[in-house]
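Every chain is numbered from 1 and lettered A, B, ... according to where its sequence line falls, protein lines coming before strand lines. Computed from a predicted structure; not experimentally measured.
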Amino acid sequence: MSEQLIAANRSRNVALLRYLVLPIVFLTVVLLGGLRVNSDGGAFIFIPPPLVTLVLAALLLLLSVRGGLIETRAWVGYQHSPLANSTSISTLIALFFASAQAFNSVLPERGLLHWLFSFFFLWTLWNNQFSSFDARRLMRSLIVLFGTAFVLKHMLVASLYEPDGGWLKRIAGTLVQGISLGTLDAPTFSPATGYISFFTLALYISGLLLIMLTEQTETSQQLALSSTSETENRELTN
Amino acid sequence: MQILGLVLSLAYAVLIVWIYATEPRTFREAATGALVAAGTYQVNQEKFDAGLALFRREQFRAARDEWQRADPAQNDALTQFYVAYSFYREGWGRVYNDDDLFRQGLEKVNRALTLASQPLNISDPDLAMHSAAELKAELEAGTERNWGDVNPLKVMKKRK
């Protein structure tokens with residue numbers, strides 16, 4: 001296969017990812033991030049993103065730009081056509097709301113736990129703004145952040161408050177509520193909620209990994225192009 | 001590909017906003033809501049008629065159950081009118097009215113009035129009130145407290 005054909009395929013795949021796959025992936029995260037399943041009867045409950053998740057999403061996006069996960073010039077700029085710019089902006093908007101919904105998915109819905117989790121997210125993201133990050137390190141940090149929150153919310157807290165849990169769990173739940181004067185109260189959802197959240201987070205992380213992949217592909221393509229032009233220039237001067 | 005991506009993204013985003021705005025509780029509700037949004041929603045006539053037969057036999061709860069199945073989106077003015085009427089008839093009492101049922105009836109008749117594009121008049125000989133406005137006034141009067149409530153002659157009044 002000639003190099004030109006490889007380069008053409010590469011740019012076609014990058015375009016497919018950026019303009020078609022990524023928006024669908026992120027919008028699916030937006031859809032599922034606020035979905036909970038009621039423990040009585042299994043009815044759907046749609047929880048729109050709280051205000052704090054929008055702040056968290058903004059911080060995360062800022063961090064992604066600083067960490068080099070999103071090369072803004074590769075997405076939006078004078079060199080691109082207006083249509084390409086519009087599509088990229090819509091993908092970035094989808095990414096913003098997907099981030100908000102990813103946080104919404106792992107934040108307890110109300111009470112002190114909601115604010116505790118929000119505070120820890122804010123603290124981590126704010127601290128990270130002043131650390132030196134590259135895309136890989138940022139991805140690892142995000143996986144750990146979302147993974148920990150998922151385990152805490154959907155496994156630890158959910159098991160404390162599940163209505164059909166054992167007596168030991170119920171005693172622990174009542175004790176926690178009593179000590180905290182009822183502020184650690186959490187709504188109980190069907191176990192399906194945890195599965196949906198896991199799928200949502202997996203999809204969100206996959207989307208971010210795909211972004212990293214497209215950025216790397218484009219960087220290597222640009223490097224290849226610049227080295228080819230340098231060689232051509234050298235040949236011409238000789 | 002860019003145009004396709006943009007169009008798909010916009011359509012998907014609109015769908016998500018619609019889902020979060022309407023908050024369907026089941027897939028069935030979501031499907032019904034989609035039919036309403038598309039303008040192709042129709043009441044199940046067979047179930048509506050079954051509900052009407054039960055209503056005429058004074059089995060109001062069973063009638064409402066049938067009408068709920070006939071109009072799951074609660075989007076048909078006529079069905080909502082009959083549901084309100086069933087609340088009225090069930091809640092009506094010679095000595096006192098059931099306030100809770102009357103309030104539910106009022107909610108339904110208001111819904112019927114909102115759904116109807118023109119004044120809602122029903123030519124059913126079995127009914128004493130043929131318009132939604134009349135029914136609404138009757139339900140409102142039933143929930144109000146006044147000195148007329150202690151009038152002993154009230155027992156002579158007739159159910160409409």
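- At most 12 non-hydrogen atoms from other residues, nucleotides or ligands lie less than 6.0 angstrom from CD of E46(B).
- Around atom CZ of R159(B), more than 12 heavy atoms belonging to other residues, nucleotides or ligands sit under 6.0 Å away.
- Other residues, nucleotides and ligands contribute only 12 or fewer heavy atoms inside 6.0 Å of the CD atom of Q42(B).
- For the set L16(A), V37(A), N38(A), the count of heavy-atom pairs under 4.5 angstrom toward chain B peaks at L16(A).
- Partner of S90(A) under the side-chain contact (heavy atoms from CB on, under 4.5 Å) criterion, chosen from L8(B), L6(B), L10(B): L6(B).
- The number of heavy-atom neighbours closer than 6.0 Å to CZ of R89(B), taken from other residues, nucleotides and ligands shown, is above 12.
- The number of heavy-atom neighbours closer than 6.0 Å to NZ of K157(B), taken from other residues, nucleotides and ligands shown, is above 12.
- Here the shortest heavy-atom pairing between L31(A) and Y20(B) reads O-OH, 2.9 Å.
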- request: Before giving the answer on side-chain contact (heavy atoms from CB on, under 4.5 Å), spell out for S9(B) and L27(A) the whole-Å C-alpha distance, their side-chain angles and the decisive distance to 0.1 Å.
  value: CA-CA 8 Å; S9(B) 304; L27(A) 286 170; 4.1 Å; yes
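- Ranked by heavy-atom pairs under 4.5 Å with chain B, the list L22(A), L83(A), I47(A) is led by L83(A).
- With a 4.5 Å cut-off on non-hydrogen atoms, T26(B) touches chain A through its backbone but not through its side chain.
- Counting heavy-atom neighbours within 6.0 Å of R69(B) CZ, excluding the residue itself, gives a total above 12.
- Across Q2(B) and S81(A), no two heavy atoms sit closer than the pair OE1-OG, 4.0 Å.
- For the options F26(A), F97(A), Y19(A), heavy-atom pairs under 4.5 Å to chain B are most numerous at Y19(A).
- If you tally non-hydrogen atom pairs under 4.5 Å between each of A15(A), G42(A), A84(A) and chain B, the highest count goes to A84(A).
- Both the backbone and the side chain of I3(B) come within contact range of chain A, with heavy atoms under 4.5 Å apart.
- Between the side chain of Y12(B) and the backbone N or O of P23(A) there is no donor-acceptor pair closer than 3.5 Å.
- With rounding to the nearest 0.5 angstrom, the CD atom of E23(B) is 13.0 Å from the CZ atom of F44(A).
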